[in-house]
Amino acid sequence: MSSKRKKIGVFDSGIGGFSILKRLVEILPGHEFYYLSDLPHSPYGNKSTEYIQERCQVITETLLNEGVDLILIACNTATAASIDSLREKYSIPFVGIEPFVKSIESLDFKDEQLKPVVLTTIAMGESDRFKSLMKRYDPDLRIYHQSCPSLASLIEKAFEDGLSSVELDLETELKTLVNKGFTHAILGCTHYPLIETKIESFLGLKCISPCLPVAKRVAQLLEARPLTGRTELFFKTTGEESFKTFEAALLSLG
Ligand code: DGL
């Protein structure tokens with residue numbers, strides 16, 4: 001375990017990665033975090049694999065220029081499209097996030113009442129990585145899958161407009177899941193945990209999010225521990241010149 005201050009790069013198509021950044025800041029106070037939002041090129045959920053791979057490369061270069069020690073791909077869709085090629089090309093450690101991984105163990109498949117649904121973007125749901133995860137974690141086909149074409153963008157907009165999650169209208173995206181007996185929703189897009197309680201009350205189920213275990217994986221890989229100094233948070237969107245500091249209070253929506 002090291003007491004050296006680490007620089008941790010985090011990126012997403014927008015503010016979705018805040019859901020993991022929030023956990024990271026909780027478990028690793030005193031370190032430096034560089035958050036890059038690819039807002040001008042969002043959402044990733046309706047883009048091709050090639051497009052997302054290109055974006056991830058540009059973003060990686062930007063974060064490397066800041067001297068980060070590790071890059072957290074705080075986006076399921078970008079992880080599916082790019083983590084393998086990024087790991088091949090760069091020697092820095094990458095941590096990704098994927099539905100099921102580190103979240104599925106909380107489900108009791110012996111329970112016959114169990115009826116989980118996994119929510120993803122369209123690109124994530126269509127990716128080879130998602131299909132192979134489904135095969136690996138759900139060989140008995142117990143988990144229903146729903147792609148949500150605009151949910152990430154709705155959350156992004158609510159955040160921009162400064163709305164509370166209560167004002168978000170989930171009707172168009174999730175109404176087909178209401179009253180279908182679903183017991184759990186696995187959140188397969190990092191935007192969704194930002195409105196976790198809203199999804200739980202709208203669908204009457206429990207949400208499962210891998211954000212905390214993923215944050216712990218970052219700490220483990222870096223051999224980092226909480227430090228007593230000030231936590232430094234830097235943010236920018238792609239296209240902007242330089243990172244600016246921001247306050248941890250901005251990390252939650254409503
Ligand atoms: N937050 C991203 C994810 O985890 C995707 C949102 C988007 O469609 O850009 O998949």
Side-chain angles (χ1 to χ4, degrees), residues 9-24 35-60 71-84 86 94-104 117-131 133-134 145-160 165 168 170 172-174 185-196 198-199 207-215 217-218 235 237-239 250-253:
V10 182
F11 77 88
D12 179 41
S13 61
I15 46 117
F18 278 16
S19 56
I20 319 183
L21 181 61
K22 197 174 167 190
R23 300 289 169 218
L24 268 175
Y35 188 98
L36 186 47
S37 151
D38 200 14
L39 200 57
H41 303 269
S42 73
Y44 284 171
N46 62 8
K47 304 288 191 305
S48 68
T49 305
E50 295 68 33
Y51 186 91
I52 300 168
Q53 282 176 341
E54 226 169 85
R55 294 306 311 153
C56 290
Q57 202 157 308
V58 172
I59 289 167
T60 297
I71 294 178
L72 168 63
I73 307 175
C75 173
N76 293 259
T77 313
T79 300
S82 327
I83 197 164
D84 289 339
L86 292 172
F94 287 91
V95 172
I97 182 164
E98 323 185 84
F100 311 118
V101 181
K102 299 190 188 297
S103 65
I104 203 156
V117 56
V118 56
L119 307 178
T120 68
T121 64
I122 292 182
M124 180 72 210
E126 286 175 351
S127 68
D128 292 342
R129 200 165 184 112
F130 181 73
K131 287 172 194 152
L133 285 171
M134 274 290 238
H145 171 230
Q146 167 102 356
S147 285
C148 307
S150 308
L151 188 52
S153 300
L154 275 178
I155 296 167
E156 192 76 39
K157 185 158 182 350
F159 185 82
E160 264 173 45
S165 64
L168 236 178
L170 297 181
T172 45
E173 290 289 306
L174 298 178
I186 299 170
L187 305 179
C189 165
T190 51
H191 279 73
Y192 307 162
L194 295 173
I195 58 153
E196 190 169 331
K198 169 88 176 164
I199 294 175
C207 284
I208 301 176
S209 140
C211 293
L212 182 59
V214 169
R217 176 71 185 140
V218 170
F235 175 88
T237 57
T238 47
L250 275 176
L251 289 176
S252 38
L253 176 67

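Treat the numbers as computed from the prediction; the structure is a model and nothing was measured. When a ligand or atom number is given, it counts from 1 through the structure's own listing order.
When atom types are taken as modelled, the side chain of Y35 and the backbone of G17 share a donor-acceptor pair closer than 3.5 angstrom. Without hydrogens or angle criteria, T190 side chain to S19 main chain gives no donor-acceptor distance under 3.5 Å. Between the side chain of S127 and the backbone N or O of F130 there is at least one donor-acceptor pair closer than 3.5 Å.
Taking both residues in full, the closest heavy atoms of I15 and H191 are given as N-NE2, 3.9 Å, listed atom of the first, atom of the second, then distance. Taking each heavy atom of I52 and S82 in turn, the nearest pair found is O-OG, 4.0 Å.
Atom CD of E54 has 12 or fewer neighbouring heavy atoms from other residues, nucleotides or ligands inside a 6.0 Å radius.
Among protein residues, D12, S13, P43, Y44, G45, C75, N76, T77, T121, A152, C189, T190, H191 come within 4.0 Å of ligand 1, judged on heavy atoms.
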